[in-house]
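In what follows, a single structure is set out as structure tokens and then discussed.
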Amino acid sequence: MEQRAQERQLDLLMLAADDVAPPLFDLATRAQIVTLLKVLLSDRLARVSMPTETDDD
């Protein structure tokens, strides 16, 4: 319940921010940027979560 309230507050802040400043990118460009950022982040997280090999043999 508390998380839903926080999400709602964030939604309201986003709406208020949109009223103050126009968006920098159109929706298609924004979606592409978000997708690319998600790919970069998931790639980085995959590298971090992989155990490193050591030559202790």
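Quick note: numbers below take in every heavy atom, side chains included, and nothing from hydrogens, waters or symmetry partners.
Between the OG1 atom in T35 and the CG atom in L40 there is a gap of 11.0 Å [rounded to 0.5 Å].
Using a cutoff of 4.0 Å between basic side-chain nitrogens and carboxylate oxygens, D26 and R30 are not scored as salt-bridged.
Heavy-atom neighbours of L27 CG from other residues, nucleotides or ligands within 6.0 Å: at or below the threshold of 12.
The hydrophobic cluster containing L24 also includes F25, I33, L37, under a criterion of side-chain heavy atoms closer than 4.5 Å among ILVMFWY residues, counted directly or through chains of members.
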